[in-house]
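One structure is given below, encoded as structure tokens.
Treat the numbers as computed from the prediction; the structure is a model and nothing was measured.
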Amino acid sequence: MHTSALVLFSGGQDSATCLAWALERYAHVETLGFNYGQRHAVELECRSTFTQVLRQQFPQWAHKLGEDHLLDMGLLGQISDTALTQAKAIEFEQSGLPNTFVPGRNLLFFTFAAALAYRRGLTVLVGGMCETDYSGYPDCRDNTLKSLQVSLSLGLDTPLVLETPLMWLDKAATWQMAEQLGGPELVALIEEHTHTCYMGERSRRHAWGYGCGQCPACDLRRSGFEAYRGEAA
């Protein structure tokens, strides 16, 4: 029986929804964030505010929410030449992938998460990766993460489970999941206190939250929110 989980919590919409999902299912949940030199590092500032308000508004989850961890992954930013870690325009590469793809990011994140989970006795790793509304990132694909689960479990000689509750959901369904988990209060919390925009724009407030409104992350969040509101109406 798995009773404890470590959630890869960036401060964005997807990982915030996954945090609520884990709190609904496990007796003890800890969170882990990564500072890798991302241009939208403002998301890291959202993490503490989100969890603070979450504890206040959802007492049924507050006692389950344990320690938060933040790891310095600056080396990843140093070896990455991407639009998420460098001041460059977002565009598609010859490979067909957008230049927002940070090679090895999720592989490294889960590897470090597994090492931390091993030390703290946590047996479930939860991530917000999705193969439905995504940019084709190969380290977000279900087969990649299933393979990684096997490798990490073998390498640590411990049965670890990698949970990706958003894997087959589009953004509208992700908003809907948040409502199912925590009602309109959780949706409002995600709107106000999470960050998804690749540009790190936090001065412009839209119905769906803060962002530049033009980058691919904002496009997905906005279109998903509009579809969700249409479904909910």
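With rounding to the nearest 0.5 Å, the separation of CG in Leu156 from CZ in Arg119 is 13.0 Å. For the atom pair SG (Cys130) and NZ (Lys171), the distance works out to 5.5 Å, reported to the nearest 0.5 Å. Atoms CG and OG1, on Leu189 and Thr51 in that order, are 9.5 Å from each other to the nearest 0.5 Å. Atom OG1 of Thr164 sits about 11.5 Å away from atom CG of Leu8, to the nearest 0.5 Å. Once rounded to the nearest 0.5 Å, the distance linking CD of Glu179 with OG1 of Thr17 reads 12.0 Å. The CG atom of Leu65 lies 4.0 Å from the CZ atom of Arg55; values are rounded to the nearest 0.5 Å.
Side-chain atoms of Ser153 do not come within 3.5 Å of backbone N or O of Val150 as any donor-acceptor pair. Counting only distance, with no hydrogens or angles, the side chain of His28 and the backbone of Thr3 share no donor-acceptor pair below 3.5 Å. Looking at Thr111, its side chain does come within 3.5 Å of a backbone N or O of Leu107 through a donor-acceptor pair. Proximity of a side-chain donor or acceptor of Gln149 to a complementary backbone N or O of Leu162 within less than 3.5 Å is detected. Side-chain N or O atoms of Ser15 include one that pairs as donor or acceptor with a backbone N or O of Ser10 at under 3.5 Å. In this structure, the side chain of Thr144 does not engage the main chain of Cys140 through any donor-acceptor pair within 3.5 Å. Proximity of a side-chain donor or acceptor of Glu201 to a complementary backbone N or O of Ser203 within less than 3.5 Å is detected. The backbone N or O of Asp72 sits nowhere less than 3.5 Å from a side-chain atom of Asn35 that would complete a donor-acceptor pair. Between the side chain of Lys64 and the main chain of Leu23, a donor-acceptor pair closer than 3.5 Å is present.
Between Thr174 and Asp14 there is a side-chain heavy-atom pair separated by less than 4.5 Å. A heavy-atom distance below 4.5 Å is found between the side chains of Phe50 and Leu19. Residues Leu116 and His69 meet the side-chain proximity criterion, which asks for heavy atoms closer than 4.5 Å. Counting heavy atoms from C-beta outward, Trp21 and Val7 have side chains that stay 4.5 Å or more apart. Using a 4.5 Å heavy-atom threshold, the side chains of Cys46 and His195 count as touching. At a threshold of 4.5 Å between non-hydrogen side-chain atoms, the residues Leu70 and Leu44 count as touching.
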What's the verdict on side-chain contact (heavy atoms from CB on, under 4.5 Å) for Val187 and Tyr228, showing C-alpha distance, side-chain angles and the deciding distance? CA-CA 11 Å; Val187 173; Tyr228 154 70; 3.7 Å; yes

Would Met129 and Arg141 count as a side-chain contact (heavy atoms from CB on, under 4.5 Å) if you check the C-alpha gap in whole Å, the side-chain angles of each, and the deciding distance to 0.1 Å? CA-CA 8 Å; Met129 296 75 190; Arg141 295 172 186 160; over 6 Å; no

Step-by-step side-chain hydrogen bond (donor to acceptor under 3.5 Å, both in side chains) determination, Thr123 to His2: CA-CA 6 Å; Thr123 59; His2 297 279; 2.8 Å; yes

Would Trp208 and Glu226 count as a side-chain hydrogen bond (donor to acceptor under 3.5 Å, both in side chains) here? Give the steps. CA-CA 8 Å; Trp208 41 268; Glu226 291 173 351; 5.5 Å; no

Assess whether side-chain contact (heavy atoms from CB on, under 4.5 Å) is satisfied between Val53 and Phe58, documenting all intermediate values. CA-CA 8 Å; Val53 179; Phe58 298 91; over 6 Å; no

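The pair Arg205-Glu192 counts as a salt bridge, with a side-chain nitrogen and a carboxylate oxygen less than 4.0 angstrom apart. Using a cut-off of 4.0 Å between Lys/Arg side-chain N and Asp/Glu carboxylate O, Asp68 and Arg47 are scored as salt-bridged. Using a cutoff of 4.0 Å between basic side-chain nitrogens and carboxylate oxygens, Glu45 and Arg202 are not scored as salt-bridged.
Leu154 and Phe110 are members of different hydrophobic clusters when ILVMFWY side chains are connected at heavy-atom separations under 4.5 Å. Transitive grouping of hydrophobic side chains (ILVMFWY, heavy atoms separated by less than 4.5 Å) keeps Leu186 and Tyr210 in distinct clusters.
For the pairing with Thr196, the side-chain hydrogen bond (donor to acceptor under 3.5 Å, both in side chains) check across Arg222, Gln13, Arg221 returns one residue only, Arg221.
Aromatic ring orientation, Phe225 versus Trp175: perpendicular (interplanar angle above 60°, classes split at 30° and 60°).
When all heavy atoms of Gly121 and Ser4 are compared, the pair lying nearest together is O-OG, 3.4 Å. Smallest separation of non-hydrogen atoms from Ala22 and Val29: O-CG2, 3.7 Å.
Between Phe112 and Phe34, the distance from one ring center to the other does not fall under 6.0 angstrom.
For the ring-ring contact (aromatic ring centres under 6.0 Å, His included) test, no residue two or more places apart in sequence or in another chain qualifies with Tyr26.
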